[in-house]
Every structure is written in C-alpha cells, then in structure tokens.
Amino acid sequence: MSWLPLSFGAPMVLWGLLALPVIWWLLRLTPPKPQTEIFPPLKILARVLKREETPQQSPWWLTLLRLLMAALIVAALADPVFNPREKLPAEGAALALVIDNDWASAADWGKRVATAERLINDAGSNGVPVVIAFTAEKANAEIGPFDAAAALDRLRAAKPRPIPTDRPAVYARVAGVLETLPGASVAVLADGLAAKGDEAAFNTLLSKNAARVVWATADRLSLTGLTTSDNQVDGFALTAIRAPGDPAPAQVTAGAFDDKGRRIADATLTFSPGETTATGTMAVPFELRNDFASITLDGERQAGAVRVLDESSKRRRVGLLSQAEADQAQPLLSPLYYIRRALQPFADLVEPSSADLADAIPQILDQKPAMIIMADIGTIPAQVRQRLVDWVANGGTLVRFAGSRLAAAGNDEDLLPVRLRTGERSLGGALSWTSPQPVTEFPKAGPFADLAPPTEVTVSRQVLAEPTPDIVERTWAALADGTPLVTGLKKGKGTLVLFHVTPEATWSNLPISGSFVEMLRRIVQLSRNQGAAIANAEAAATSLAPYRMIAADGSLVPPTPDARPLVPGAGALPVTFENPPGLYGSETGVFAHNLLEADSTLAPLVRPQITVPVTSIQYAFDESRNLKGALVAAALVLMLLDTLAVFWMGGLFSRRPRRAGAVATTAAVLIALGALFGHADLARADDAKPGDEVAIEAISKTRIAYVLTGVPGDDSISRAGLEGLTRFLVEKTALEPGEPAGVDISKDELSFYPLIYWPIDPAAPMPSQAAIARIDAYMQQGGTVLFDTRDQFANGIGADSTSPATERLRDILGNLNVPPLEPVPSDHVLTKSFFILPEFPGRFAGSPLWVEASLEASNAENRPVRTGDGVSPIMITANDFAGAWAVDENGDPLLPTVPADPMQRIYALRAGVNIMMYMLTGNYKSDQVHVPILLERLGQ
C-alpha cells in the first residue's frame with residue numbers, strides 16, 4: 001500500500017487508529033493521581049488562602065500527548081517506508097545476476113552495487129537462490145548458486161577491473177548453471193559498452209531457461225577515452241574518443257604527469273557537435289616532453305582515460321654508422337664528429353662494435369632505434385639490406401649523408417629519397433665556372449619551414465638529384481641555384497632523408513653552423529621510437545615483470561597478486577586479467593601496455609531481441625527509508641515526556657528537599673533524549689561564542705590579514721593577492737599559511753596576525769581615532785602593518801605634490817607613533833631573508849620599500865646583514881603588492897604588471913616571501929654571522 005512517497009508493509013495495522021477515540025475517552029475519564037502534601041502547620045498557615053482543587057479529568061494537553069504516542073505506535077507497527085521502491089522480479093527457481101565489472105563500470109560502481117543489492121535482497125525475501133557472475137574476473141571464479149547472504153558477501157568483495165569484459169565465456173558458464181534451474185530470473189547489469197561477440201553471448205545466456213529478464217543500464221554512455229599520444233615535432237598530439245549520439249559539443253582537459261606524479265603540462269581537446277573524436281596538442285618544449293610518464297583526462301575516473309608512456313614516446317635513440325676510420329689525431333675530420341656533437345643534448349646515441357656493415361647494421365637494428373644516420377655509406381650488404389628496408393617501412397627514419405662512396409654507389413630506390421646522378425658536382429673550383437652556392441629559403445611544406453636560412457653557409461661540392469616531376473615536393477632545403485641540399489620522402493610508415501653534402505666540413509660549412517643542429521633536431525623529432533629499450537636483453541626476450549599498474553579508477557598502483565609477466569611480441573598485446581594495463585619491466589626500462597588502441601571506439605550496447613518479459617531499470621542508490629525505528633523512537637520520547645508531566649503534576653518538582661533529585665531526574669531524561677536523537681555533528685563550532693571561534697581559527701595556522709576598507713574592489717583584490725602569496729609560500733617554503741583574513745580594525749582582534757596588509761584608498765572612509773589607536777597598540781606589541789598607497793605612477797612618498805592616496809596615508813600616520821623610516825638598505829635582512837632581492841617590485845616597479853631605520857646599526861666588514869634587534873613595525877610601498885600577487889581560482893594572474901614583464905610578478909611574489917620570512921624569523925639571518933665564532937669557541 002503506497003500513499004505518494006509513503007508506503008506501509010502491513011497496512012491492515014492502520015485500522016488500529018480507529019481505537020484513538022476510545023483511548024481519548026478513557027484518558028479523559030481517568031484523572032491523574034491527586035497531589036499529596038506533608039502536614040507542616042506553618043506551611044499550611046502560609047498557604048491558607050490557596051484553594052486546593054482535585055482535578056476531575058486529565059488536562060487536554062496530556063490527553064493529546066498520549067493520543068499522539070498511541071498513533072505513533074500504530075503507525076510503526078504498520079511498517080512505513082518513505083520513498084518506497086518497486087519490488088524487482090527476483091523470483092522463480094533462481095536469480096541469475098551477471099554484472100559487468102570492467103573499466104567502463106568504475107565511474108559509477110557504487111550505483112551498480114546498490115542496484116545489485118536490491119535484487120539480491122528481493123531474492124532473499126522470496127527465498128530464491130542467487131547465481132552471481134562478474135564478466136571481468138578469473139575464468140574459474142565460482143558463480144553459485146548461493147543464498148542471499150553469501151551472494152551479498154561476494155558482491156561487496158567484488159571491485160571493478162581495468163580490463164575489458166569477457167561476456168561470451170562468463171555468459172556460457174551462467175547458462176550452464178541455469179540448465180538445472182528452469183524458470184529462473186536473469187538480471188543483466190551491463191556497462192553500456194558494446195564488445196565483440198555480444199550477440200552470441202546474449203543468445204547463449206537467454207536461451208537457457210530464462211523466464212524473465214531485468215535489464216539494468218546507465219542513463220547514458222558518458223565515457224571518454226584516450227587512444228593515442230604521439231610525441232610529434234611541435235608537441236604531444238593527443239586523441240580522445242567518446243560514444244556516438246551526443247549532439248552537443250564538449251571539451252576535455254588532458255594533463256601530463258612526470259614519474260613523481262607532478263602535473264607539468266595541459267591540453268584541451270574539443271569534441272565538435274556529433275563528433276566522436278577530439279584531438280589536441282601539448283605544445284611544450286621537446287626536453288619537457290621527455291619527462292612525461294603518463295597522460296590523464298581530467299574528471300574521468302576510469303582506466304580508459306589514462307595512458308602510460310615508455311621510452312618509445314620519449315627521448316629518441318639514434319644509431320650512427322660510418323665506414324671511415326676515426327682519426328684520433330684529427331677528430332674534427334671524423335664523419336660522425338659533428339653529428340655526435342649536434343645530437344647528444346637531445347638523443348641517445350648508439351654505435352655498433354663492429355666496422356663491418358653486415359654485423360653493424362643488425363647490431364643497430366637490435367637496439368630498436370628511432371633513427372639511423374649513415375655517413376657516406378655506399379652499397380648496403382645484401383644479407384642485411386632487406387631488414388633495413390623493412391625497418392624503414394615499419395616507421396624508422398633513415399638519414400644518409402653524401403660522400404665519395406655514396407656518389408659512386410649508384411641509385412637505391414628503397415633507401416634513397418631521390419634518384420642521383422653519377423658522380424659529384426664541384427662549385428668554385430679551379431676548373432669550375434660557378435662559385436660556392438648559399439642556402440636559400442626553406443620550403444614552406446618541409447620540416448625546416450620555421451627556421452631562418454643560414455646566410456653564412458655555402459656549399460662547394462654536392463651530389464645532384466635527377467630532375468623529376470616530384471623533385472620539388474621532396475626538397476626540404478635547396479641552394480640558391482635551385483639544386484637540392486636536403487631531400488626527404490615518406491616510405492611506408494618511415495622516412496628517408498638525404499643530405500647532399502658530407503657530414504664533415506669538406507664539401508660545405510653546414511656541419512659547423514648552428515642551423516645544422518636545428519635541422520638534425522627537427523628530423524629527430526619526426527622520428528618514432530620502435531619500442532622500449534629494456535636493459536636486460538634476456539628478460540626482454542622472454543617476459544617483463546609487472547612494474548606499475550593502472551587501476552580501474554585510473555590511478556597508478558603497485559602490481560596486484562593476480563598480475564603476471566608480459567611476453568612482448570609482434571602486434572598489439574591484449575589487455576587481460578593476467579596482463580592488466582600498466583608498465584612492465586623494471587627501473588632500468590619499462591614497456592607501456594595501455595588499455596585502448598589507436599583504432600578503439602566506444603559503441604553503445606544495444607539491448608538484444610528478448611522474447612521473455614523484460615523489466616528495464618536504471619542504476620541508482622536505494623533512497624527508500626524505513627520509518628519504523630524513527631516512529632518507535634518518537635513514541636519513546638513522548639513516553640518520557642508523559643512521565644515527566646506525571647511527576648510534575650504529582651508535585652515532585654515543587655518540593656524543595658527533593659529539588660536535587662528532580663534536577664537529577666530531568667538531567668537523566670535529557671541525556672536519554674540526547675542518546676536517541678543526538679548526532680555527532682550537533683556539537684559544532686557554531687555553538688561556541690563567535691569570538692572564540694575566530695580566535696581558534698586565527699591561531700590554528702599562521703594567517704596573513706588585510707584591512708577591510710569598505711571598497712569592494714580593493715577588498716577583493718587584497719584577498720586574491722594574499723591568496724596568491726599563500727599559494728606561492730606553500731610551493732616555495734615549508735610554511736603552510738591558512739586562508740587570508742579580512743579584519744575590521746575598529747573591532748576585530750589584531751594580535752592574532754603577524755602581518756596586516758593595508759591598501760590605502762582615498763575613497764575609503766577615514767578610520768576613527770579609536771581604530772588608529774588599536775593599530776598603534778598592535779604595532780607597539782610586535783605586529784607589522786604594510787601600507788600600500790599603490791600610486792607609484794602618480795607621486796612618490798617624498799614628493800612635494802602628493803597623490804590623494806599618499807595624503808590619506810599621511811593623515812593616518814599623523815596619529816601613530818611612527819619610527820624614523822628609510823628605504824630598505826642593500827644589506828638589510830629583508831634582502832636576504834629567503835631570496836636575494838635588490839629591490840621589491842609589485843604590480844608597479846620603482847617605488848622603494850620603506851622600513852624602520854636602523855640608526856645605530858654598525859656595518860662592520862664581517863657583518864653582511866644589517867638590522868636592528870627586532871622587526872620593523874611598519875612598511876610602506878607604492879608598488880601595489882596585492883595587485884601583483886592576485887590570482888583567480890585557477891591560479892592565473894588577475895591584473896597585468898606595469899611594465900608587462902613576466903619576471904616582475906615573480907620578483908613581487910619573492911618580495912612577499914622575504915617579507916613573511918622576515919616577519920616570522922626576525923633578525924635570525926643577521927645572527928648567522930656569529931656561527932663561526934660560536935663554533936670556534938665550542939672547539940676550544
């Protein structure tokens with residue numbers, strides 16, 4: 001029986017409410033016990049004028065109290081439920097519960113568990129056994145049937161796995177159990193994601209004695225996955241996917257993390273309306289990209305939104321080959337000398353141990369390089385040539401340099417980007433009519449398009465390419481006469497590059513120019529590592545141990561006991577229960593095993609054609625609440641109140657000798673009420689006095705305060721500025737300040753704060769004399785006030801024609817006991833308290849920071865820090881510190897600096913750190929000069 005959001009499990013009990021009129025009549029007929037009085041004669045005389053009465057019937061309020069108590073008991077016996085849920089069809093011979101616990105279910109796993117618990121509870125109330133199976137568990141996991149209690153234990157012990165489902169195998173096992181349980185109910189709790197073999201799996205499951213089906217799905221498939229992450233020339237290219245059918249545009253943010261979990265880069269990926277793929281680029285320097293260890297999509301707590309990276313996505317391995325003998329006496333003439341110098345800062349160089357190309361090329365290829373550079377190598381040995389060709393076709397980058405051997409070797413269409421003319425061309429020689437040629441503008445379509453042409457480079461000899469219709473497309477750099485200097489060609493997945501000059505400075509001075517380094521750097525960034533280089537070659541040939549695993553929620557965790565070593569092989573490796581996604585290997589080298597492949601898609605699961613009755617439900621928490629306990633508790637409270645009322649009417653609380661006992665009884669009743677209805681959160685800080693709460697909050701952490709001027713713009717900038725300084729203090733120092741505090745100097749306690757920032761605004765009301773007196777007392781007791789007129793570009797503090805802000809400051813200081821002031825000397829503690837600072841800029845630069853003058857300080861040669869014995873009680877600036885420190889909720893600056901110099905904001909924050917360190921440590925830095933003397937005395 002259900003009445004809107006309220007239902008009753010035993011509605012017939014509610015007929016007991018008809019007895020309330022009878023109870024009312026009995027209560028009104030029966031008067032309470034008369035009050036008894038002791039016979040003290042004097043007391044009777046004192047109260048002789050009082051007329052005593054004996055009640056004829058119970059008071060109306062006591063009758064109402066008892067009627068309400070009876071009604072609560074009747075309602076509690078009727079088993080009321082607020083917001084009742086519909087009973088699910090968990091009946092028949094058994095309930096078969098098949099649950100997807102793969103990576104796609106991790107985001108809302110709690111709702112799925114709550115839905116399964118309702119099904120199991122309903123089955124338990126019907127006395128039906130439960131078959132429970134998970135589609136991402138071991139193949140031999142026990143599936144039942146179980147009783148309801150055992151099934152709940154297995155459900156609560158289960159957890160989502162960072163792997164795909166295996167519906168065909170699991171559904172076949174469940175169907176085998178159902179053959180012995182005809183007429184069972186089947187509940188499918190799917191993740192909403194289609195997988196290979198779904199149609200056959202559902203046919204197998206639902207064709208085995210399924211009498212009815214419960215189909216549970218999420219509201220919509222809202223997963224977003226990360227499929228590729230390529231370290232390209234201009235940045236790290238990312239590709240994300242989502243399920244089809246969403247007509248709205250969407251944006252996701254990807255974050256890159258290093259091996260210590262620190263976020264070092266961001267990128268935004270945008271889904272167009274109706275599109276399922278989004279791309280974005282992390283445009284960060286190449287050196288920073290080499291620190292990437294993982295990339296994660298923000299807000300996606302599942303394994304498909306995480307990609308771990310290995311060496312194949314980081315620093316490139318480059319193999320070097322040359323047939324020329326290295327001249328130890330003249331290393332500058334070595335063909336590989338300038339190449340090594342150019343590549344060492346940003347590539348791992350590998351060289352063979354043998355000079356024989358038949359052995360050297362396989363040795364290089366075994367290292368899985370991203371790029372191989374051949375310096376004047378002519379004919380490739382036939383026994384290794386095909387392996388080199390296959391390496392290029394599979395994604396390798398082959399860079400060749402010209403020379404006498406290459407010029408005489410002839411053409412090789414598989415290993416050269418262009419056809420070459422026989423011999424070489426000489427420019428500017430004794431028998432040549434031409435002069436050495438400079439390098440012209442780089443072609444816009446080539447990888448060197450954004451480089452400036454090296455005007456100092458000239459070429460005196462080169463190998464010429466045969467003129468063909470596509471020679472212009474293959475030219476990456478050319479000479480002034482139009483002949484190619486560098487040519488390139490995509491070959492399969494790889495790239496062929498040819499420098500038409502030698503790698504040493506004999507045919508051209510290109511190798512000794514800065515452009516040569518940048519050109520090689522761009523080619524290296526075009527290359528792709530062919531795999532992870534594992535230090536232990538023997539282990540790499542057999543298996544790699546689990547090192548760091550991706551959990552179902554996307555976090556990186558240590559390997560689980562179920563993880564097994566991964567055997568690398570050709571092609572994509574499947575993600576399984578024994579080989580979950582993550583990093584395999586060791587600290588010396590790892591292999592990245594990610595969940596989603598480049599061609600992965602997120603197709604929604606379509607409900608199959610089902611001939612038996614189907615009940616569709618959605619994942620949700622059970623929001624029904626049984627009110628029986630609450631009503632019984634309320635009835636008990638009313639019973640206690642009734643008891644107290646009877647005691648009161650019987651005169652228990654009016655007798656002075658028993659007043660202490662009555663108080664004790666009242667206290668006991670109140671304690672009982674607190675035990676029934678009290679919660680831990682009732683004892684809140686709100687119950688304390690407001691002043692105590694502020695005091696506790698103020699002294700629990702070091703906090704920086706700012707004066708509330710009453711001007712909304714000034715107060716918001718002050719708070720944002722102190723929040724920005726607080727963030728910077730947490731990042732750069734061991735100090736962890738609390739939230740900034742706005743103070744009203746006329747009434748708030750000031751002694752809790754070591755520093756108060758006061759922005760001077762002539763539009764703000766002038767502080768009262770009492771408020772200024774409180775500031776004066778605060779400064780005399782050791783506090784410091786930082787006055788900021790923010791008028792650096794109006795007038796200085798000492799100018800004859802002052803700005804309104806400076807005039808207001810003078811009015812305030814005229815009522816304070818201000819000590820003599822001076823600009824911060826170059827040897828003051830403030831310049832060395834944390835950072836070494838010659839000046840203290842804010843949003844503006846140029847105004848000095850005024851502090852108390854150290855008139856009696858001696859500047860001895862052995863005393864590098866100048867200060868007094870204490871801390872300056874006042875500081876004055878016009879540089880607008882808070883404006884430079886102010887940040888928004890994302891940590892981005894709110895106001896620009898003047899002039900617009902990014903380092904000025906950094907120096908302003910450092911100035912804030914120095915001021916705080918000075919406030920908290922005083923003359924500590926100054927006293928460090930005595931340390932050598934103290935140590936010398938201790939040594940004596």
Side-chain angles (χ1 to χ4, degrees), residues 231-234 286 316 318 338-339 342-343 346-347 370-377 392-393 395-403 406-407 411-421 424-425 427 436-505 507-528:
N231 198 348
Q232 297 183 350
V233 178
D234 55 347
F286 179 73
R316 306 293 191 264
V318 179
Y338 296 107
I339 295 176
L343 294 179
F346 53 87
M371 186 170 78
I372 295 177
I373 296 180
M374 293 183 174
D376 190 19
I377 292 181
V392 173
T397 300
L398 179 62
V399 181
R400 304 186 68 174
F401 281 84
L406 181 63
N411 286 291
D412 189 340
E413 295 183 357
D414 293 327
L415 297 175
L416 285 174
V418 294
R419 292 185 57 83
L420 301 178
R421 291 184 176 182
E424 57 194 56
R425 176 193 183 197
L427 303 171
Q437 293 292 308
V439 180
T440 187
E441 294 284 341
F442 292 119
K444 298 300 181 184
F448 312 139
D450 58 340
L451 297 180
T455 56
E456 75 282 1
V457 171
T458 57
V459 176
S460 58
R461 295 175 68 184
Q462 67 178 139
V463 291
L464 289 176
E466 289 283 359
T468 58
D470 56 355
I471 188 64
V472 175
E473 299 176 1
R474 302 186 185 188
T475 300
W476 289 3
L479 301 181
D481 61 0
T483 56
L485 174 62
V486 182
T487 53
L489 174 67
K490 292 291 293 183
K491 197 75 170 180
K493 296 181 180 179
T495 306
L496 295 173
V497 183
L498 173 64
F499 281 77
H500 291 245
V501 294
T502 59
E504 71 276 1
W507 289 18
S508 168
N509 60 350
L510 176 64
I512 61 176
S513 68
S515 298
F516 183 69
V517 177
E518 290 300 324
M519 294 168 74
L520 287 181
R521 181 189 181 101
R522 298 303 169 87
I523 298 174
V524 168
Q525 294 178 7
L526 284 175
S527 63
R528 293 290 178 272

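- Residues Q462 and T483 bring a donor and an acceptor atom of their side chains to less than 3.5 Å of each other.
- Closest approach of M371 and S527 over heavy atoms only: CB-CB, 4.2 Å.
- The list of salt bridge (charged side-chain N to carboxylate O under 4.0 Å, His left out) pairs with a residue in residues 483-498, not counting sequence neighbours, is empty.
- Between M374 and L406 there is no side-chain heavy-atom pair separated by less than 4.5 Å.
- Looking at L485 and L510, their side chains come closer than 4.5 Å, going by heavy atoms from C-beta outward.
- Listed by chain and residue number, A478 satisfy the side chain to side chain contact (heavy atoms under 4.5 Å, CB included) test with T440 (two or more places apart in sequence, or in another chain).
- With sequence neighbours excluded, no residue satisfies side chain to side chain donor-acceptor pair (under 3.5 Å) with N411.
- Looking at residues two or more places apart in sequence or on another chain, you find a side chain to side chain donor-acceptor pair (under 3.5 Å) between T487 and H500.
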Could you go through L526 and T397, starting from their C-alpha distance and side-chain angles, then the distance that decides it, and tell me whether this counts as side chain to side chain contact (heavy atoms under 4.5 Å, CB included)? CA-CA 8 Å; L526 284 175; T397 300; 5.6 Å; no

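- Atom CZ of R522 and atom CG of D450 lie 4.0 Å apart (nearest 0.5 Å).
- By the 4.5 Å heavy-atom criterion applied to side chains, R474 and P443 are not counted as neighbours.
- The number of heavy-atom neighbours closer than 6.0 Å to CD of E466, taken from other residues, nucleotides and ligands shown, is above 12.
- Within the 4.5 Å cutoff, the side chain of F499 has heavy atoms near those of the V486 side chain.
- Between P484 and I471 there is a side-chain heavy-atom pair separated by less than 4.5 Å.
- A 4.5 Å side-chain heavy-atom check between V517 and Y338 finds every atom pair outside the cut-off.
- Residues L489 and V418 form no side-chain contact, since every pair of their non-hydrogen atoms from C-beta on lies 4.5 Å or further apart.
- Applying the side chain to side chain contact (heavy atoms under 4.5 Å, CB included) rule to E473 yields the partners D470; only residues at least two apart in sequence or on another chain are considered.
- In this structure the side chain of I372 never reaches within 4.5 angstrom of the side chain of V318, judged on heavy atoms.
- Closest heavy-atom contact between V497 and P417: C-CG, 4.2 Å.
- The two residues A402 and W507 make their nearest non-hydrogen contact at CB-CZ3, 4.2 Å.
- The aromatic rings of W476 and F448 sit perpendicular to each other, their planes meeting at more than 60°, with 30° as the lower class boundary.
- T458 pairs by the side chain to side chain contact (heavy atoms under 4.5 Å, CB included) definition with P436, N509, not counting sequence neighbours.
- In plain terms, the two heavy atoms of A505 and P511 that are nearest each other are N-CG, 4.3 Å.
- For E441, the side chain to side chain contact (heavy atoms under 4.5 Å, CB included) partners two or more places apart in sequence, or in a different chain, are P453.
- Listed here is the closest heavy atom pair of L496 and D414: CD1-O, 3.5 Å.
- In this structure, the separation between CD1 on I523 and CD1 on I373 is 7.5 Å, given to the nearest 0.5 Å.
- Pairing each heavy atom of A452 with each of F442, the nearest pair is O-CE1, 3.7 Å.
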